[in-house]
Amino acid sequence: LDSFDLVIFHNFKYAPFIEKEFLENIKKYVEGGGAFVMIGGELSFQGGDYEATPIDDILPVRIQKAFTPMFQDEFKPHIQKQFVHHPILKLEKDEELSAGAWASLPNLHALNVGLKPVKDAQVLIDYEKPNSGAFPILAVRRVGEGRTLALATDSSWNWNFLRVGEGGSGRYYQAFWNNVIEWMTDEPGGELIKIETDKERYKEQEKA
C-alpha cells in the first residue's frame, strides 16, 4: 500500500475480495500518511458492511448500526459557509464565480444516509432533508499523518453528463475531482493558503 498515493473504494463491498483483517492495513496506511476515499452507492458504507471495521475508524463519518436504505430522490447539495474557501470546493479562483459554479450544477440523486460525522471531521457539503435533519454528503478528516474523504453519493457524474447534456461544460466536474486528488495527496494545489507574485524574478532590494 505504501507505493500508492491514494486508495479509492467506489461503491465497493470488500467481503468477496478482501479478508476483514486486511482492512487494518488500510488504517495503518492512512495513519502513516496515506489517503483513502470512500464513494457512496448501495455497496458502500452500510451496504458494504464497513460498520465496526478499521475503515469505520478512519472515515470522517461514523456508520450507524441500524441499516438505513439509501435516499433515492433528487436533491440539491448545500455547501457549508464556513468551508467555502476549502481547496476542494474552489471550482473557480474568484469566490463569487465559484459560488455561481456550484449553483449551476445539476442536482444529485441517491444518498447514503446512515452516516454521522465524527467530531474532528469537516462536513463541506450536506443535504438538509425536511423533518429529518442534515445528512453529510462530502466530509474530510485528517487521521494521523494521512487524510480520508467520504462522498455519500455515487451520482457526482451528474455534474458532468447531465451538465453537458444541458449544453454546458463538464469542466467543473473535472475541477472538483482534481481538487479532491490534490488535497488528499497533499499536493501544493490543495494548500489552504497560496502566495502568488506579480513576476518570477526580482532584483536585489526591489519591492515585491
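Distance alone, capped at 3.5 Å, places no donor-acceptor pair between the Asn179 side chain and the Leu89 backbone. Remark: side-chain polar atoms of Trp159 are paired, donor with acceptor, to backbone N or O of Pro106 under 3.5 angstrom.
Checked against side chain to side chain contact (heavy atoms under 4.5 Å, CB included), Ser169 has the following partners two or more places apart in sequence or in another chain: Arg171. Shown here are the side chain to side chain contact (heavy atoms under 4.5 Å, CB included) partners of Phe67, two or more places apart in sequence or in another chain: Gln46, Pro69.
Ion pair Lys199/Glu206 flagged as a salt bridge, since at least one NZ, NE, NH1 or NH2 atom sits closer than 4.0 Å to an Asp/Glu carboxylate oxygen. Using a cutoff of 4.0 Å between basic side-chain nitrogens and carboxylate oxygens, Arg142 and Asp120 are not scored as salt-bridged.
Cluster partners of Val7, by chain and number: Leu1, Phe4, Phe9, Phe12, Tyr14, Phe17, Ile18, Phe22, Leu23, Ile26, Tyr29, Val30, Phe36, Met38, Phe45, Tyr50, Ile55, Ile58, Leu59, Val61, Ile63, Leu115, Val143. The rule joins Ile, Leu, Val, Met, Phe, Trp and Tyr whenever side-chain heavy atoms lie under 4.5 Å apart.
Taking the side chain as every heavy atom from C-beta outward, Arg147 and Asp186 approach each other to under 4.5 Å. Annotation: side chain of Tyr173 is not in contact with side chain of Leu105 (no heavy-atom distance under 4.5 Å). Annotation: side chain of Val140 is in contact with side chain of His86 (closest heavy-atom distance under 4.5 Å). Ile79 is listed as a side-chain neighbour of Val84, based on a closest heavy-atom distance under 4.5 Å. No side-chain heavy atom of Val180 sits less than 4.5 Å from a side-chain heavy atom of Leu151.
Residues Pro130 and Tyr127 share a closest heavy-atom pair of CD-OH, 4.2 Å. Minimum interatomic distance between Ser155 and Ala110 (heavy atoms only, all atoms of both residues): OG-O, 4.4 Å.
In summary, of the residues considered (Lys20, Lys65, Arg62), a salt bridge (Lys or Arg N to Asp or Glu O under 4.0 Å) with Asp56 occurs for Arg62 alone.
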